[in-house]
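Right, one structure below, let's go through it.
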Amino acid sequence: EVRIRVHAATVNPTDLMLRNGARAERLRDVTPPHVPGMDIAGVIDEIGPGAETDLTVGTSVMAMVVPLADHGGYRESIVLNIDSVVQSPYGFTHSEASTLPMNGLTARLSLDQLGLHPGQTIAVTGAAGAYGGYVIQIAKQEGLRVIADASSSDESLVADLGADVIVPRGDDFAQKVREVIPDGVDGLADGAVLSPLAVGAVRDGGGFASVRGWKGTGERDITFHVTYVRDYDHRSDLLDQLRQFAEDGIVTLRVFGTYKPEEASEAHSQLEAGGTRGRCVIIF
């Protein structure tokens, strides 16, 4: 294990659900305090006995945190297994680095579940968000064609992220995709949680990745994947790949704004209000 002096903790939708009671049943067997936060960046200030690592005290690092196991990332100091921790991307601030682990690993998991090959097509809903943006950028790196949604105000952002085709955001996403690709896409990453409203965009026998546990309808031989990022906890190898992607400019780290710990409620309110393009980050 290593101890990290946390300098930045990102606010994510899953933190809102932990705080507002939407996931209260998961807290029944967790000893208080209930601390949200799935992303942190900071500096190693102690290495535990027996830890096998090339990281040293003073190294800037980032990590994903599983709140129900580690009491969340909104804290000044945290102890994590070394296989959850990697060096932060060089040249980025703690705030920027903190936006990568959870959403980046979630995007990585969805893409791995869909198992698409270069030249195939993926659809992305919620494309302007953190998860959606990472899906687009990693998918392009891996040779996929990307069709993504965007509001009129987000079209330029989604285009800059690399989407090949942009359709209007809305409940008729599947219809708009079929107008472009009549046979349907090979896979879909549902960052907007459209669930049944989006499944029509997928071809017969294609794949659908849900980030909110939707298990699908079983229709048309579509394979429905549930993307639970905790499945990629302790995958420092994949997190280090994301670090390299950031350094190489393949993925973009986006910070909407920074907040003091006593302003955490404001950060939550900002995210709940919608429209943030980039993550709210609490600074310790």
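Counting from 1, the numbers follow the sequence of the chain as shown.
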Evaluate side-chain contact (heavy atoms from CB on, under 4.5 Å) for Leu105 paired with Met64, printing each intermediate quantity in order.
CA-CA 9 Å; Leu105 286 173; Met64 184 177 79; 3.9 Å; yes
Could you check Leu239 against Met62 for side-chain contact (heavy atoms from CB on, under 4.5 Å), going step by step and ending with a plain yes or no?
CA-CA 9 Å; Leu239 187 54; Met62 61 182 180; 4.0 Å; yes
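Atoms CD and SG, from Glu272 and Cys280 in turn, are 10.5 Å apart once rounded to the nearest 0.5 Å. Rounding to the nearest 0.5 Å places CG of Leu109 at 9.5 Å from CZ of Arg235. Atom CZ of Arg5 is separated from atom CD1 of Ile40 by 11.0 Å, given to the nearest 0.5 angstrom. Note: Ser77 OG to Ile4 CD1 = 8.5 Å, rounded to the nearest 0.5 Å. How far CZ of Arg230 is from OG1 of Thr14: 9.5 Å, rounded to the nearest 0.5 Å. Distance check, rounded to the nearest 0.5 Å: CG of Asn103 to OG1 of Thr10 gives 8.0 Å.
With sequence neighbours excluded, the residues satisfying side chain to side chain donor-acceptor pair (under 3.5 Å) with Ser153 are Ser151. Under the side chain to side chain donor-acceptor pair (under 3.5 Å) criterion, Asn81 pairs with no residue, sequence neighbours left out. Contacts of Thr31 classified as side chain to side chain donor-acceptor pair (under 3.5 Å), with partners at least two apart in sequence or in another chain: none. By the ring pair (Phe, Tyr, Trp, His ring centres under 6.0 Å) test, Phe173 is found to be paired with no residue, residues two or more places apart in sequence or in another chain being considered. Under the rule for a salt bridge (Lys or Arg N to Asp or Glu O under 4.0 Å), the partners of Glu142 that lie at least two apart in sequence or sit in another chain are Arg108. Shown here are the ring pair (Phe, Tyr, Trp, His ring centres under 6.0 Å) partners of Phe224, two or more places apart in sequence or in another chain: Phe208, Trp214.
Sorted by first and then second residue, the pairs that involve residues 253-271 and meet side chain to side chain donor-acceptor pair (under 3.5 Å), not counting sequence neighbours, are Arg19-His268, Tyr74-His268. For residues 159-169, every residue pair satisfying the side chain to side chain donor-acceptor pair (under 3.5 Å) rule, not counting sequence neighbours, is listed here: Lys140-Asp164. Within the structure, the salt bridge (Lys or Arg N to Asp or Glu O under 4.0 Å) test picks out the following pairs touching residues 28-48 (sequence neighbours left out): Arg3-Asp45, Arg3-Glu46. Residues in residues 88-107 take part in no salt bridge (Lys or Arg N to Asp or Glu O under 4.0 Å) pair, two or more places apart or across chains. Note on residues 3-50: pairs passing ring pair (Phe, Tyr, Trp, His ring centres under 6.0 Å), not counting sequence neighbours, are His7-His94.
At most 12 non-hydrogen atoms from other residues, nucleotides or ligands lie less than 6.0 angstrom from CG of Asp54.
Looking at Glu1, its side chain never comes within 3.5 Å of a backbone N or O of Gly48 through a donor-acceptor pair. Side-chain atoms of Asp154 never come within 3.5 Å of backbone atoms of Ala150 as a donor-acceptor pair (strictly under, hydrogens ignored). Although no hydrogens or angles enter the test, the distance criterion places a donor-acceptor pair under 3.5 Å between the side chain of Arg178 and the main chain of Val202.
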If you look only at distance, which donor and acceptor atoms sit under 3.5 Å apart when one is on a side chain in residues 122-132 and the other is two or more places apart or in another chain?
| from | atom 1 | to | atom 2 | distance (Å) |
| --- | --- | --- | --- | --- |
| Thr125 | OG1 | Asp190 | OD1 | 2.6 |
| Thr125 | OG1 | Gly191 | N | 3.0 |
| Thr125 | OG1 | Ala192 | N | 2.9 |
| Tyr131 | OH | Ser110 | OG | 2.7 |

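Each of Thr106, Asp237, Asp112 was checked for a side chain to side chain donor-acceptor pair (under 3.5 Å) with Tyr232, and the lone residue meeting it is Asp112. Paired with Ile181 under the rule side chain to side chain contact (heavy atoms under 4.5 Å, CB included), one option of Asp186, Val165, Thr121 passes, and it is Thr121.
Side-chain contact of Ser95 with Ser98: a donor-acceptor pair under 3.5 Å is absent, judged by distance alone. Gln137 and Thr252 are linked by a side-chain donor-acceptor pair at a separation below 3.5 angstrom, with hydrogens and angles left out of the test. Side-chain atoms of Gln244 and Asp240 form no donor-acceptor pair, as typed in the model, at a separation below 3.5 Å.
Val281 and Leu242 are assigned to two separate hydrophobic clusters, defined by single-linkage of ILVMFWY side chains at heavy-atom distances under 4.5 Å.
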